[in-house]
Structures are given as C-alpha cells and as structure tokens.
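As structure tokens, the structure follows; a few thoughts come after it.
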Amino acid sequence: MSRSSQQWFARPDLPDDHYVDVDIYTSQQVFEDELQNIFAKTWKFACHESEIPHIGDYRALNHAGIPVFLIRGEDGSIRAFVNACPHRGSKLVTDVRGNAKNLTCFFHLWTFNDQGRCIEITREDGYAQSGVCKGEQGLRRVRCHNKFGMLFINLDDEADEFDQHVGNVMDCLEEVMTTKPLEVFHHHQITMSANWKQWHETNMELYHEWGHIVNRSTAIAADGYHNRSWSIHENGHGTLDPMEVSYDNYKGWESRTGCLLPGLGPGELRLVDLFPNTTILVRATAIRIDTTTPIAPGITLLEQRGLGILGEPEEDRKVRVKHHNEIWGPLGRNLAEDVIFVETVSETHRREASKWGLFARHEGIKAQDDEIMRAYYRVWGRMMGRSASNPLG
C-alpha cells in the first residue's frame with residue numbers, strides 16, 4: 001500500500017550498512033569533506049601511459065580541487081607535480097595535454113625542468129637581498145605509480161604505497177594489460193547532473209543491469225551470470241568472477257571470437273572496481289577505464305577511455321573500435337542509459353523527494369548481491385568519520 005509522508009521519510013528498519021541517507025549525495029559539507037578526507041588521501045587514476053608517449057609530453061587534470069600534471073622526462077620516467085608556480089601560484093600548464101622541453105610560467109617567466117627543478121628565475125639578482133634562489137624553488141611533487149600502464153597519483157605523502165592500497169585486486173588484469181603494449185584509442189568525457197558516487201555505484205550494483213536493454217539479452221541471459229561471486233577486498237575494492245557474454249543473443253550483433261585481448265576467451269568479461277572512483281572493464285576485445293572528477297555535490301565529470309593493442313593492424317583496430325562503441329561509446333548501449341539512471345536518481349534526491357537508498361540485497365555475494373556496496377560504504381564511513389546512513393549526525 002502507499003505511504004504517508006511520515007512513513008516515507010521514516011528511517012528504514014534495516015542494519016545501518018544496508019541503506020544510505022541521500023545527504024551523502026547532496027550535502028555541500030559532505031562533498032567538501034570527501035575532497036579532504038578521501039580524494040586527497042587515496043590513489044587516483046590520472047591517465048594511461050600511452051597518452052604521454054614522448055619525452056616532454058604532459059597531461060593535466062584536476063584532483064581533489066588541486067590542478068596536477070604528469071610529464072614524461074628526458075630519462076623516460078613519468079612524474080607528477082602540482083600545477084602551480086611556487087612564485088605567485090600561476091598554473092604552469094594551461095592546456096589539458098601538450099609537449100614542453102621545459103615548463104615556463106607565462107606570468108613572470110620562471111622556468112622548471114621535467115624533474116621539477118627551478119632552472120631560471122627572471123632577473124634573479126633582485127632576490128639577492130631576500131635570499132630567494134632557484135635551488136629552493138622547485139615544484140611540489142605528487143606521488144605517481146604505474147600499474148599495468150595505468151598512471152595513478154596521490155596527493156598524500158604519508159598514504160600507503162599503491163600496491164599496498166590495492167592488494168591483489170588487479171591481478172586478474174595482469175595478463176590482459178601487460179602481455180602486449182596497449183594504447184588509448186578512445187577518450188570521452190561527459191558532465192553529468194549527478195553525484196560522483198552515483199556513477200561508481202553503477203559499476204558495482206549490478207542489479208541495475210535489468211535496466212539495460214542489451215545487457216538483458218547478452219549478459220543476464222547468459223549461462224552462469226547469476227552464479228558469479230564477488231571478491232570483496234580491503235579498502236573498498238572489489239572484483240567479480242569472469243563470465244562469457246553471449247553477444248549473438250542480440251539481433252544484428254556478432255560474437256566476440258576474434259581479435260581477443262591476451263588471456264581472454266571468446267566473449268569474456270572481467271571487472272575490477274577500485275575505491276573510490278575507478279573501474280576497469282574488460283570485454284574480450286576492448287578495455288574501458290572509468291574515472292570521475294567531482295565538481296560539486298550534483299555535478300560530476302566522467303571520463304571513459306577505450307584501450308586496444310598498440311600498433312595492431314588497421315583491420316583489427318576497426319573490429320575493436322566497433323565492439324567498443326556498440327556498448328561503451330557515446331552512442332552505445334551502456335553509457336547513455338547509465339547517465340539517464342543516475343541523473344533521474346539525482347533529481348529526486350535534490351529536494352529529498354526520496355530520502356534513502358537501499359543496498360539490502362543478499363544473494364550469497366553473487367553477481368547481484370549488494371555486499372560490494374555495503375563494503376564500499378563501510379570504507380567510505382571509516383575515512384569520513386561518519387556513517388553513510390546518518391552522515392550529518
């Protein structure tokens with residue numbers, strides 16, 4: 001039967017980790033605390049190494065409200081720095097990507113090399129009295145780690161090492177992503193009217209796959225779909241047992257039997273979720289990497305990258321791009337539907353037309369069990385110092 005207003009807003013009669021208060025998506029204070037307590041202290045996927053292949057290539061991004069750039073140095077190593085001149089704070093890199101032998105601030109022309117050392121101060125003699133000198137004016141370095149060609153950064157000098165942070169959750173990707181060199185062949189971004197966590201939820205809460213037209217035919221209908229188990233890892237990460245997707249169940253589509261990525265069988269699907277906001281999806285012939293940049297409580301920049309084999313024959317690449325775009329491209333049968341899902345949810349949250357989100361499914365930690373969500377928000381709560389079911393106290 002329908003419910004009254006009092007009944008609608010009443011706290012669910014469930015364990016605390018089985019539901020969340022929508023304030024975690026809409027509160028400005030929660031958002032600011034997330035930037036400080038989660039994003040500024042965890043590892044963030046920045047880009048793939050193929051995006052900065054040459055000496056001097058750089059890639060800029062915003063992380064936890066801080067502008068950062070990665071650059072490949074003369075020694076071939078990739079380093080990351082805060083994108084701010086130590087003189088007056090102007091951004092050194094103003095384009096998203098480019099190439100620079102040295103980095104010169106356009107404001108006062110201070111110059112830095114690819115290792116962050118200040119190598120030129122305009123009219124340096126003027127600083128003789130105050131003692132400002134090149135040797136003490138280097139850029140602020142940011143920790144950077146390369147995992148299977150994926151570049152991760154961390155603003156916290158005291159945070160755990162990357163491999164300690166992720167444990168063995170990425171082991172199922174090693175053969176796929178390291179046997180042959182990979183490259184990004186597709187980069188798409190979209191600004192969504194939704195909270196960043198709502199997108200990451202779509203990569204964990206597989207119960208929503210009933211809403212996907214293609215997935216209902218190709219994935220849910222495949223043998224063994226519901227029998228796969230989640231592996232819940234420490235620090236909010238998770239991975240799901242592989243399965244074979246039956247693409248030929250959808251009219252007009254072809255099976256994924258050729259151009260397979262290393263270590264994969266026909267139609268094979270693998271998934272890895274990394275806390276707090278990165279997902280790696282592997283579908284037989286292509287890889288997708290999702291990551292988000294929180295802009296405001298209800299505004300999120302989503303970036304999606306498609307990866308294939310570096311230097312492969314043009315005919316193979318055409319097949320790979322086709323398979324990628326059918327599901328994952330901007331006009332595919334996944335991205336647009338997921339954006340609709342999260343934006344409509346976000347709309348009801350803004351004025352608390354809805355108040356609670358339920359993660360109460362139990363299926364023995366199989367594919368559509370919500371334990372991955374409950375585990376994720378337990379880690380969220382630990383880092384935030386509050387429960388996701390009562391975030392404002």
Side-chain angles (χ1 to χ4, degrees), residues 39-122 133-157 159 161-163 165 177-178 181-189 274 277-278 289 291-293 301 303-307 310-311:
F39 282 94
K41 298 180 182 298
T42 55
W43 289 91
K44 156 75 172 174
F45 170 68
C47 66
H48 189 264
E49 63 181 357
S50 67
E51 297 176 73
I52 44 176
H54 307 298
I55 292 173
D57 284 352
Y58 62 80
R59 179 71 164 77
L61 67 152
N62 184 291
H63 176 44
I66 304 295
V68 176
F69 70 91
L70 298 87
I71 186 168
R72 188 180 291 273
E74 288 189 4
D75 59 358
S77 297
I78 296 172
R79 300 175 178 85
F81 303 96
V82 170
N83 189 11
C85 178
H87 175 218
R88 295 280 297 281
S90 177
K91 289 173 67 174
L92 288 172
V93 170
T94 55
D95 294 325
V96 173
R97 57 172 53 88
N99 182 279
K101 181 178 180 180
N102 293 311
L103 301 156
T104 299
C105 176
F106 68 90
F107 199 0
H108 299 92
L109 305 189
W110 286 29
T111 301
F112 306 84
N113 68 9
D114 55 38
Q115 297 187 33
R117 183 167 61 89
C118 181
I119 58 175
E120 182 66 35
I121 291 179
T122 307
C133 63
K134 292 192 292 288
E136 298 176 353
Q137 297 301 314
L139 303 180
R140 182 197 161 184
R141 66 181 180 276
V142 173
R143 295 170 69 187
C144 184
H145 185 87
N146 187 328
K147 184 73 170 182
F148 305 159
M150 299 174 62
L151 300 172
F152 293 84
I153 58 173
N154 196 318
L155 294 168
D156 184 2
D157 290 345
E161 296 294 332
F162 179 83
D163 285 334
H165 171 65
M177 300 190 73
T178 65
L182 303 177
E183 68 173 343
V184 173
F185 64 73
H186 170 90
H187 180 220
H188 174 74
Q189 61 184 40
L274 300 178
N277 68 332
T278 296
I289 302 174
T291 194
T292 55
T293 299
L301 176 68
E303 291 183 86
Q304 295 186 319
R305 290 167 168 84
L307 279 72
L310 179 67

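Along the sequence shown, residues are numbered consecutively beginning with 1.
Residues passing the side chain to side chain contact (heavy atoms under 4.5 Å, CB included) test with R140 are V82, L155, sequence neighbours excluded. Take A60 and apply the side chain to side chain contact (heavy atoms under 4.5 Å, CB included) test, not counting sequence neighbours, and it matches F69, V93. Residues passing the side chain to side chain contact (heavy atoms under 4.5 Å, CB included) test with R72 are E49, I78, sequence neighbours excluded.
Within the model, atoms CG of L151 and CH2 of W43 stand 11.0 Å from one another, a figure rounded to the nearest 0.5 Å. The distance from atom CD of Q189 to atom OG1 of T293, rounded to the nearest 0.5 Å, is 8.5 Å. From M177, atom CE reaches atom CG of L182 across 5.5 Å, with rounding to the nearest 0.5 Å. In this structure, CG in L109 is found 4.5 Å from OG1 in T122, a value given to the nearest 0.5 Å. Note: L307 CG to M150 CE = 8.5 Å, rounded to the nearest 0.5 Å.
Contact check for L274 versus F152: side-chain heavy atoms found under the 4.5 Å cut-off. The closest side-chain heavy-atom distance from F162 to N154 is not below 4.5 Å. Side-chain contact between N102 and I119: present, with at least one pair of heavy atoms (C-beta onward) separated by less than 4.5 Å. Inter-residue side-chain proximity for R305 and C47 is flagged as met; some heavy-atom pair is nearer than 4.5 Å. By the 4.5 Å heavy-atom criterion applied to side chains, L301 and N62 are not counted as neighbours. Here the side chains of L70 and V142 are not in contact, with every heavy-atom distance at 4.5 Å or above.
In terms of heavy atoms, A40 sits closest to A64 at N-CB, 4.0 Å. Smallest separation of non-hydrogen atoms from G65 and P67: O-CD, 3.9 Å. Shown here for A159 and R143, the closest heavy-atom pair between the two residues is O-NH1, 2.7 Å. In terms of heavy-atom proximity, P86 sits nearest to L139 at CD-CD2, 3.8 Å. When all heavy atoms are compared, the tightest approach of H63 to T42 is NE2-O, 4.1 Å. Here the closest heavy-atom approach between residue I153 and residue A80 is recorded as CG2-CB, 3.9 Å.
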Exercise for review: Run the numbers on V68 and K44 for side-chain contact (heavy atoms from CB on, under 4.5 Å), then give the verdict.
Suggested key: CA-CA 11 Å; V68 176; K44 156 75 172 174; over 6 Å; no
Point to revise | Candidate pair D163 and K147, rule salt bridge (Lys or Arg N to Asp or Glu O under 4.0 Å), full reasoning | key: CA-CA 9 Å; D163 285 334; K147 184 73 170 182; 3.3 Å; yes
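Listed by first and then second residue, the side chain to side chain donor-acceptor pair (under 3.5 Å) pairs that reach into residues 111-120 are T104-T111, sequence neighbours excluded. Listed by first and then second residue, the ring-ring contact (aromatic ring centres under 6.0 Å, His included) pairs involving residues 96-121 are H87-H108, H87-W110, W110-Y127 (not counting sequence neighbours). Residue pairs that meet the side chain to side chain donor-acceptor pair (under 3.5 Å) test with at least one member in residues 73-83, sequence neighbours left out, are D75-R79.
A donor-acceptor pair under 3.5 Å is absent between the side-chain atoms of H187 and the main chain of E303, judged by distance alone. Of the possible donor and acceptor atoms, one in the side chain of N277 sits under 3.5 Å from a partner among the backbone N and O of T292. In this structure, the side chain of E51 engages the main chain of H48 through a donor-acceptor pair within 3.5 Å.
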